[in-house]
J.: 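Dropping the structure in here first, questions after.
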Number of protein chains: 2
Amino acid sequence: MNQDNGAYSLIGYQLKRAQAALRSRMDDELRPLGLTTPQYSCLEALSHSPGASNSDLARAVFVTRQTMSALLHSLEARGLVERADRAPGGRAIPTSLTSEGQALLTEAARGSERIEQRMVATLTPSQMEALRSGLAACVEALVE
Amino acid sequence: MNQDNGAYSLIGYQLKRAQAALRSRMDDELRPLGLTTPQYSCLEALSHSPGASNSDLARAVFVTRQTMSALLHSLEARGLVERADRAPGGRAIPTSLTSEGQALLTEAARGSERIEQRMVATLTPSQMEALRSGLAACVEALVE
DNA sequence: GACAGTATGTCAGAATACTGACATGAACCA
DNA sequence: TGGTTCATGTCAGTATTCTGACATACTGTC
């Protein structure tokens, strides 16, 4: 109870608020394509890192390995990704996009970019950079 | 595929990354008290808005009414909050903190403030304000 | 080679959160 | 009064995500 205005002045609250709004808009945009935001993020990560393992993708999407494993099985059943039959070395099983997955990702990326641009529409380039670097500093301070 | 550096330059990605890191640290801090982050947020909202309804709290914590309803029943079963037997007018049933809930919240708030301060430790006041206003502008642009 | 430490994938179980649907009560307008 | 619209609380069902645990495979060091 430091202030009377509740938690609105806390960076953490604004962070959650912004993330919730973004997630909601992303879900709205992706729903017609049959994708959730984590599923889209997974396809996006696979596009940038072909052959990534389950654990790699979990870290990229900020979910646990178990969650990503279930998500990958779902995407595999829909023919959007492919996983190797066996690990080529170690235990990590590489995953890659199918052509169907690539096509769907391309379409979904358009909606995602639309949301991103809408989100930052009222910010100047220097304000955008300040926001980006501020968020990065927060992450830096939070990871031990 | 606008850049080679993946999604790291997107504000949306940084936003998710920062929120994930914050959520993780909050959960770590609150776990010894037997609280999750949404449960803590609910107690905090109740502290600032005594007598808030289930729907009020759902909006404050950014979950659905159904999720908040389950969360409230859990907190009520633990004796941390109280709900009126009947709606005093309309359908909204006011909820309030019990003394036990208030005590637990006070303790949890210390941990929460610790995390908040750690998160922004390396930011100057002007950088903090730039971050806050940047996030607010993003929210403003995303809510229709 | 033997060992500890680390990373990975997976299983099991529980908790969480969502969408869809319905009934109830209030506010508003014709 | 009658009607529509909106907000609220709740039920049911599904989907998501987590923690905990275990076996497996690499990477060091000795």
Side-chain angles (χ1 to χ4, degrees), chain A residues 16 19-32 34-42 45 49 51-78 81-95, chain B residues 16 19-43 45 49 51-78 81-95:
Chain A
K16 182 163 69 173
Q19 163 67 15
L22 174 60
R23 171 65 183 265
S24 182
R25 287 297 151 274
M26 284 287 287
D27 280 339
D28 290 346
E29 194 79 17
L30 295 172
R31 188 170 300 119
L35 287 176
T36 64
T37 300
Q39 286 171 339
Y40 165 72
S41 298
C42 176
S49 305
S53 72
N54 180 34
S55 291
D56 291 336
L57 294 170
R59 280 187 289 269
V61 179
F62 306 111
V63 295
T64 61
R65 285 171 297 165
Q66 295 87 332
T67 297
M68 179 53 67
S69 180
L71 198 159
L72 274 183
H73 280 114
S74 154
L75 293 179
E76 189 178 22
R78 290 170 61 185
V81 306
E82 278 176 340
R83 305 191 73 184
D85 292 350
R86 283 186 314 164
R91 296 204 71 198
I93 299 174
T95 309
Chain B
K16 182 162 69 173
Q19 162 67 13
L22 174 60
R23 170 66 183 263
S24 182
R25 288 298 151 272
M26 284 288 286
D27 280 339
D28 291 346
E29 195 79 16
L30 294 172
R31 189 170 298 119
L33 301 176
L35 287 175
T36 63
T37 300
Q39 286 171 339
Y40 165 72
S41 298
C42 176
L43 295 180
S49 305
S53 71
N54 180 34
S55 291
D56 290 336
L57 294 170
R59 281 186 289 268
V61 179
F62 305 109
V63 296
T64 61
R65 284 172 296 163
Q66 295 88 330
T67 297
M68 179 52 68
S69 181
L71 198 159
L72 275 183
H73 279 114
S74 153
L75 293 179
E76 190 178 21
R78 290 171 61 184
V81 306
E82 277 176 339
R83 306 191 72 184
D85 292 351
R86 283 186 315 163
R91 297 203 69 198
I93 299 174
T95 309

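Reminder, nothing fancy here: chain letters follow the sequence lines and each chain counts from 1.
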J.: Find the bend of the helix from dG1(C)-dC30(D) to dA30(C)-dT1(D) as the angle between its two terminal axes (five pairs each), to the nearest 10°.
T.: 30°
J.: Taking only residues two or more places apart in sequence or in another chain, which ones pass side-chain hydrogen bond (donor to acceptor under 3.5 Å, both in side chains) with N54(A)?
T.: none
J.: Under the side chain to side chain contact (heavy atoms under 4.5 Å, CB included) criterion, do V63(B) and L57(B) qualify, and how do the steps go?
T.: CA-CA 9 Å; V63(B) 296; L57(B) 294 170; over 6 Å; no
J.: When you match H73(A) and L71(B) each to their closest nucleotide on DNA chain C, which lands nearer the 5' end?
T.: H73(A)
J.: Take the protein atom CG of L72(A) and the nucleotide atom P of dT8(C), then report the distance between them rounded to whole Å.
T.: 14 Å
J.: Residues in side-chain hydrogen bond (donor to acceptor under 3.5 Å, both in side chains) with S55(B), at least two apart?
T.: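 For S55(B), no residue satisfies side-chain hydrogen bond (donor to acceptor under 3.5 Å, both in side chains) once neighbours in sequence are set aside.
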J.: By nearest nucleotide on DNA chain D, pick out whichever of F62(A) and R65(A) is the more 5' one.
T.: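 Closest to the 5' end, via its nearest nucleotide, is F62(A).
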J.: For residues V61(A) and P38(A), report the shortest heavy-atom separation together with the two atoms involved.
T.: CG1-O, 4.0 Å
J.: Would you give the length of the straight line joining atom CZ of R25(A) to atom OG1 of T37(A), rounded to the nearest 0.5 angstrom?
T.: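 Answer rounded to 0.5 Å: 11.5 Å.
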J.: Just how far is it from atom CG of L22(A) to atom CG of D27(A), taken to the nearest 0.5 Å?
T.: 9.5 Å
J.: Just verifying a value: how many Å separate R83(A) CZ and H73(A) NE2, rounded to the nearest 0.5 Å?
T.: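 Answer for the CZ-NE2 pair, R83(A) versus H73(A), is 5.5 Å.
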J.: Of A70(A) and D56(B), whose nearest nucleotide on DNA chain D comes first from the 5' end?
T.: D56(B)
J.: Over how many whole Å does the gap from D27(B) atom CG to dT16(C) atom P extend?
T.: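 Whole-Å distance recorded here is 10 Å.
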J.: Using a cut-off of strictly less than 4.0 Å, decide whether R59(A) has a side-chain nitrogen or oxygen near OP1 or OP2 of dT8(C).
T.: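 Answer is yes, contact under 4.0 Å.
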J.: Hey, what are the protein-to-nucleotides 25-27 of chain C N/O distances that come in under 3.5 Å?
T.:
unit_1, atom_1, unit_2, atom_2, d
dA26(C), OP1, G90(B), N, 3.4

J.: Ignoring hydrogens and angles, does a donor from either the side chain of Q66(B) or the base of dG20(C) sit under 3.5 Å from an acceptor on the other?
T.: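 Under the 3.5 Å cut-off, the side chain and the base do form a donor-acceptor pair.
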J.: Does a side-chain N or O from T67(B) land closer than 4.0 Å to OP1 or OP2 of dC18(C), or not?
T.: yes
J.: On DNA chain D, reading 5' to 3', which nucleotide is the first and which the last to sit with an atom under 4.0 Å from a heavy atom of chain B, could you check?
T.: dT8(D) to dT19(D)
J.: Working to the nearest 0.5 Å, report the span between NZ of K16(B) and CZ of R23(B).
T.: 14.5 Å
J.: Could you measure the distance from the OG atom of S41(A) to the CE atom of M68(A)? Nearest 0.5 Å is fine.
T.: 8.0 Å
J.: Can you tell me how far P of dC18(C) sits from CZ of R31(A), to the nearest Å?
T.: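 Whole-Å distance recorded here is 12 Å.
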J.: Does T36(B) place a side-chain N or O at less than 4.0 Å from the phosphate oxygens OP1/OP2 of dA15(C)?
T.: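 Answer no for this pair, as no side-chain N or O of T36(B) is under 4.0 Å from OP1 or OP2.
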J.: Among residues at least two apart in sequence or on other chains, which ones pass side chain to side chain contact (heavy atoms under 4.5 Å, CB included) with Q39(A)?
T.: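 Partners of Q39(A) by the side chain to side chain contact (heavy atoms under 4.5 Å, CB included) criterion, ordered by chain and then number, come out as L35(A), T36(A), L71(A), S74(A), L75(A), R78(A).
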